[in-house]
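Since this is a predicted model, take the numbers as computed values, not measurements.
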Amino acid sequence: MRDLPGSRISFGKGTIHDHRLRPFLCARPARHLSAGRTRCSPAPKLLVLNRPLSTSLGLDLTEAEARDWFSGASLPPGADPIAQAYAGHQFGGFSPQLGDGRAHLLGEVVAPDGRRFDIQLKGSGKTPFSRGGDGKAAVGPMLREYLVSEFMAAMGVPTTRSLAVVATGEEIWRETKLPGAVLARVAASHLRVGTFQFFAARGETDKVKALADHAIARHYPELADGDYLAFLDAVIARQAKLIADWMGLGFIHGVMNTDNMAISGETIDYGPCAFMEGYAPGTVFSSIDSQGRYAYANQPLILGWNLARLAETLVPLLDPSQEKAVEIANDRLGSIAGRYRADWVSVMRGKLGLIGEDGDDAALADDLLAAMEGADWTLTFRRLSDEAALRPLFPDFTRMEAWLPRWRARAGEGVAGRLAMASPAVIPRNHKVEEALSAATGGDLAPFNALLAAIQNPYTEAEPYMLPAPTGFGTYVTYCGT
Ligand code: AMP
Ligand code: MG
């Protein structure tokens, strides 16, 4: 990777770097993030610390360091917090200025393996981008992000990670009074499609170019300098694969706004996200998604829509002739559907325990979906080779009678073992997540810790965490920005 300017400053036992995008950020001192206990975190208490992650970053944080640094009670040595500016399309409407309204980027860490990460606090108080908000977050949503992102990591899905959650000791006002918390998040970077849109919307092509150069150096160092078309292609490739992975897990992000799509290809900004239980393509959990824009089956379409917004920002860099540049960009955007489809078929091959490739695999996967409406998404794939266990998952098994023999013929010997290695037994099921978060909000972390342990070993069958929500659980609704 090219060596860009940036002063090395120490951070615990690792190394933190000044954010090298500084010129592009609206860098303002974060007033409350000064030494000593603060109004925002009068009694910080460490709720969860990700020791393996801390070690892999070379930080080896003590509990006291995690508590004080991540609650904003004190600053890690040399850290110079900033809030990042970005724009974004939210539910299709463009906001030229969003930005970190409740997050502070502490700086960068270079892990012992040489990889570079952002460490960001979420829920750490007001910034210049807070608008009417208080900049804070509640224990429940921060622990939800911790759980779901760590599950994604356990499944090998590209994601930001969660390093710690600290309760601030402060009560914050939502619909009711809730305990406040800060999440320490680790990301390959926090560059978003919306970061490109921020400068493009201001007509600052030189900054879009510098941002693209930085993104190439940081996330796509294998690309030639200045090859912005290859950059677009590379982001398309990572995002198409990412959404295919989400679909395989039944994951619904909930708010696929362009400011919530990372240039690195990591899943970012876990808000009102959840996992589908019974297969229903129109599933929506988010309370604010009344139109179903970000419904399960719409996610691949939104992938294309969001990447088109990224391509628009790159048009001035693609060719001196705007007409030609648009043509080039459109050509690449036209490849998204095919690439996503290929990635999805590949994910489904894994989930169906298929070895090698066969021309009929796509149809086999499509036909399973047509037969499994209402059947538990997760368990269906674990139970395919055990018809007695499979049947009760289906409200209507009729179409499976014809499908199963086709699948058996294609899958061949030893498929049971492959199924068990391809699909999780345990996912963060909505009723279990709710149970854990509401207990944690009341001060009892035991259910959260038990659920966390289960989702960190997702292939291990653990009965209480595998069962779908009891019928009394009702329709699940998630809330964001809380
Ligand atoms: P999110 O739903 O986390 O992607 O947030 C969307 C936008 O709203 C981002 O610009 C956030 O920084 C901002 N935001 C969310 N919650 C708050 C809050 N409590 N205070 C200030 N800004 C917020
Ligand atoms: Mg966001």
Side-chain angles (χ1 to χ4, degrees), residues 151 155 157 243-253 273-285 292 294-301 340-355 357-412 415-432 458-459 461 465-471 473-476:
F151 170 71
M155 290 303 303
V157 177
I243 307 307
D245 284 345
W246 290 2
M247 298 301 279
L249 289 175
F251 177 70
I252 300 167
H253 182 284
C273 59
F275 293 86
M276 178 175 65
E277 294 213 307
Y279 172 62
T283 305
V284 173
F285 294 115
Y294 301 135
Y296 175 72
N298 265 1
Q299 296 182 125
L301 299 175
Y340 165 74
R341 175 78 175 164
D343 288 335
W344 182 79
V345 172
S346 159
V347 164
M348 293 301 283
R349 263 191 204 105
K351 291 183 76 72
L352 294 176
L354 309 182
I355 297 174
E357 296 185 12
D358 185 291
D360 291 334
D361 291 347
L364 194 64
D366 286 337
D367 293 347
L368 174 61
L369 297 198
M372 72 178 282
E373 186 97 19
D376 188 83
W377 178 261
T378 304
L379 293 180
T380 291
F381 294 94
R382 299 270 310 183
R383 302 279 182 261
L384 280 178
S385 60
D386 178 356
E387 193 175 328
L390 184 68
R391 264 179 190 275
L393 301 176
F394 282 69
D396 178 358
F397 205 69
T398 322
R399 293 174 115 175
M400 288 302 282
E401 310 274 11
W403 185 87
L404 272 178
R406 280 169 63 201
W407 170 74
R408 281 194 199 107
R410 167 70 179 91
V415 71
R418 294 196 296 278
L419 292 177
M421 287 191 299
S423 281
V426 175
I427 62 164
R429 288 195 182 260
N430 304 326
H431 64 296
K432 285 291 177 192
Y459 298 103
E461 306 230 342
Y465 297 103
M466 292 173 65
L467 303 175
T471 39
F473 186 64
T475 310
Y476 192 51

A side-chain contact here means heavy atoms from C-beta on lying under 4.5 Å apart; do [X] and [Y] qualify?
X	Y	result
D366	M348	no
N430	F285	yes
I243	Y340	yes
D343	S346	no
L379	L467	no

Using the ring of each side chain (for Trp, its six-membered ring), is [X] parallel, tilted or perpendicular to [Y], with breaks at 30° and 60°?
X	Y	answer
H253	W246	parallel
Y279	Y296	perpendicular
F397	F394	perpendicular

Please round to the nearest 0.5 Å and tell me the distance separating atom CG of L352 and atom CZ of F381.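 These two atoms lie 6.0 Å from each other.
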
Apply the side chain to side chain donor-acceptor pair (under 3.5 Å) test between D376 and each candidate in R382, R429, R383; give the one that qualifies.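 That would be R429.
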
Which one of V426, V157, L249 satisfies the side chain to side chain contact (heavy atoms under 4.5 Å, CB included) criterion with F151?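 Result for side chain to side chain contact (heavy atoms under 4.5 Å, CB included) with F151: L249.
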
For a side-chain contact (heavy atoms from CB on, under 4.5 Å) check, start with the C-alpha distance between E277 and W377, then their side-chain angles and the critical distance, and finish with the verdict. CA-CA 6 Å; E277 294 213 307; W377 178 261; over 6 Å; no

Would you call R399-E373 a salt bridge at under 4.0 Å N-O?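 Looking at R399 and E373, the cut-off is not met.
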
Could you walk me through whether R406 and D367 pass salt bridge (charged side-chain N to carboxylate O under 4.0 Å, His left out), step by step? CA-CA 10 Å; R406 280 169 63 201; D367 293 347; 2.9 Å; yes

